[in-house]
Amino acid sequence: MRDNLRTFKNAAWLGWQMESNWTDPFLFATYSIVKPLAGTLILVFMYLVITHGDTSTPGFSYMFIGNALYMYVAEVLFGVTWVIHDDREHYMTLKQVYIAPISFYYYIFGRAAIKIAITSVGVLLTILFGIFVLDVEVSLASISWPLLIVSLVLGLAAICIMGLALGGISFLTAKHGQGINEGVAGVFYVLSGVIFPITILPTWAQSISKILPVTYWMEAMRRGLEPGVITDLGSTTGMDGMDNWFLMLVLILSTIAFLFISVGIFRFADKTARRKGKIDWTTAY
Amino acid sequence: MSDSWVIRNLRAIRGRAYPRVIGSIREPSWVIFDIALPLLTVAAYVYLYKFIDAPKEFVGFVILGGAMTAFWLNILWSMASQLYWEKETGNLSLFLMAPVSRMSILAGMAVGGLFFTTLRAGSTMAIGILVFGVALSLSNPLMLIAIFVATMVALYGMGMMLASLYLLFGREAYNMSNLLTEPIYLVSGFYFPVSKLGFWTAAGASVIPITLGLDALRQLFYPATGVQYAFLSIHLELVILCVLCVVFIFLSKASLDYMEKLGKTSGRLTLRWQ
């Protein structure tokens, strides 16, 4: 266990160096903040153009918080998957990591941990920007901390585990890893009630929404962070008939299910990649 | 400038464009990744506009903006970053040794990139229009073509200039391209009318040719709503785009010469793993 923790810690340190040591800390911080903020402001301006500057509606807070939380989905999924591609294609160190006497799972999750940490700063700053500049409806007094923290931990675990499956797939693909990743994250963006409630979607799409764990995660996080907004929107969210325990149960079961599925996919891909000699495969892509 | 010099450079343009043109046919998976992925973002933004009861023309604005993202991404990743990647893979020194103008290599990259990106952007737009049932006005096709061509020439001229500037980057190239994605979508008004950012912000963003190109295309496709939210008149935007064409092509030549000289003297033209 101690060896595994050391692997996790060193992988996180390596991840931090790779993310940040190409520039000075100030420029790195600027890069880390500007991108997510700009992405959020696109939605803000889309909203403001139509509502003529009114940000006091529950719909605005719903959209803003959903988009901020979605950064976790996009960045963490990407972070886990990119470890395989980056180490194999760009730095050509995957085979050295492979033959080292460490657990590869701890290595990957260590690298992902730093991605979660960096993303958390972006999410936090975006939410603070929303609260103080755009009147997003979040108040410290009304936050349901137990629901928020449990949902956050479960959701991040589920996303990391999903990333593991995608990472496994990228063992076997030359250049499609990023596309598959963006595709999966994009499906969640459209169908999981990230920036609009799922009731806006066609009926057939709502059925798909209700089998995606991210839909339940978004709802649980919102109920923890902005319960007033969820109450105001009522049946518009399409999730009003579900209580918090049900949301937690779905999150726990889907995390366990994805754990088995992802480890299965990863092991299969790992074995296939070894047999076909793809562990140190480079395609100059 | 002899005939053989001209022919040699035309061949260089064709030779550099060839892998991009052929690559777009040989790699069918782009249909999924380059058309479906932008459509996911477009779909999300379309449903957001529906959620807030936006006029239906805004759905068209989003589809047009979503299609145009393909060009901006192509500029960042296949033009600006290209010479940096060529340096990493060892091709750059071969380009520099070849008895052709460096501008021909860049022009070839631009022609090839423009071909396959137009294919992708056109497909995204066509599918978006069909799926979301959007109507477009084509009352002034000549002006539409003029605006599109001027936007693309200016945009790819800008890409050629950035390719030289990126040459001396190490890992900053990747991060710089990453950084210039969402912020440019924001200030150039890819998904909402740029005029809503205020005159001076929109004027500053007009350095990026796609800002004016998008604004003009919206006015042409949606004469009523497009004009209501317009930043400048179509004719003025066309004139500015033509000026940008000349400026960027001139700057790309100047920056390429300067960076090549600087790279040679600092010994970084073939330096990898920075």
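Just so we're on the same page: letters track the sequence lines, and every chain starts at 1. Note: hydrogens, waters and symmetry copies are ignored here, and every other heavy atom, side chains too, is used.
Heavy-atom distances place both the backbone and the side chain of B:N178 under 4.5 Å from chain A. Of the atoms belonging to A:M63, it is side-chain heavy atoms, and not backbone ones, that fall under 4.5 Å from chain B. Contact annotation for A:I42: both backbone and side-chain heavy atoms come within less than 4.5 Å of a heavy atom of chain B. With a 4.5 Å cut-off on non-hydrogen atoms, B:F61 does not touch chain A at all. For B:F58, the part lying near chain A is the side chain, with the backbone staying farther off; criterion is any non-hydrogen pair under 4.5 Å. Both the backbone and the side chain of B:L48 come within contact range of chain A, judged by heavy atoms closer than 4.5 Å. With a 4.5 angstrom heavy-atom cutoff, A:Y47 touches chain B via backbone and side-chain atoms both. If you measure heavy-atom distances from A:L191 to chain B, you find no contacts under 4.5 Å at all. Neither the backbone nor the side chain of B:A36 comes within contact range of chain A, judged by heavy atoms closer than 4.5 Å.
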Exercise. Evaluate the criterion side-chain contact (heavy atoms from CB on, under 4.5 Å) for residue pair A:K210 and A:I198; output intermediate values, then yes/no.
Key: CA-CA 9 Å; A:K210 289 189 175 170; A:I198 57 171; 3.9 Å; yes
Practice problem: Check step by step if salt bridge (Lys or Arg N to Asp or Glu O under 4.0 Å) holds for A:D87 and A:K95. | Solution: CA-CA 9 Å; A:D87 282 12; A:K95 58 186 171 189; over 6 Å; no
Exercise. Step by step, work out the side-chain contact (heavy atoms from CB on, under 4.5 Å) result for A:S192 and A:Y70.
Key: CA-CA 10 Å; A:S192 292; A:Y70 175 77; over 6 Å; no
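Remark: A:R222 qualifies as a cation-pi partner of A:Y62 under the 6.0 Å distance and 45° angle criteria applied to the six-membered ring. With a 6.0 Å cutoff to the six-membered ring centre and a 45° limit on the axis angle, B:R20 does not count as a cation-pi contact of B:F116.
Other residues, nucleotides and ligands contribute more than 12 heavy atoms inside 6.0 Å of the CZ atom of B:F115.
Between chain A and the options B:D53, B:T41, B:T181, B:L197, the largest number of non-hydrogen pairs under 4.5 Å is found for B:L197. Of the residues considered (A:T40, A:L37, A:V44, A:L43), A:L43 shows the highest number of contacts with chain B, using heavy-atom pairs under 4.5 Å. Interface summary for chain B: among A:T57, A:L41, A:V194, the most heavy-atom pairs under 4.5 angstrom belong to A:L41. Most heavy-atom pairs under 4.5 Å with chain A, from the set B:P193, B:A54, B:A43, B:P55: that is B:A54.
Salt bridge present: B:R16 and B:E86 bring a charged side-chain N and a carboxylate O closer than 4.0 Å.
None of B:Y166, B:W77, B:Y84 except one satisfies the side chain to side chain donor-acceptor pair (under 3.5 Å) rule with B:S177; the exception is B:Y166.
Ring centroid separation for the pair B:F51 and A:F196 does not come in under the 6.0 Å cut-off.
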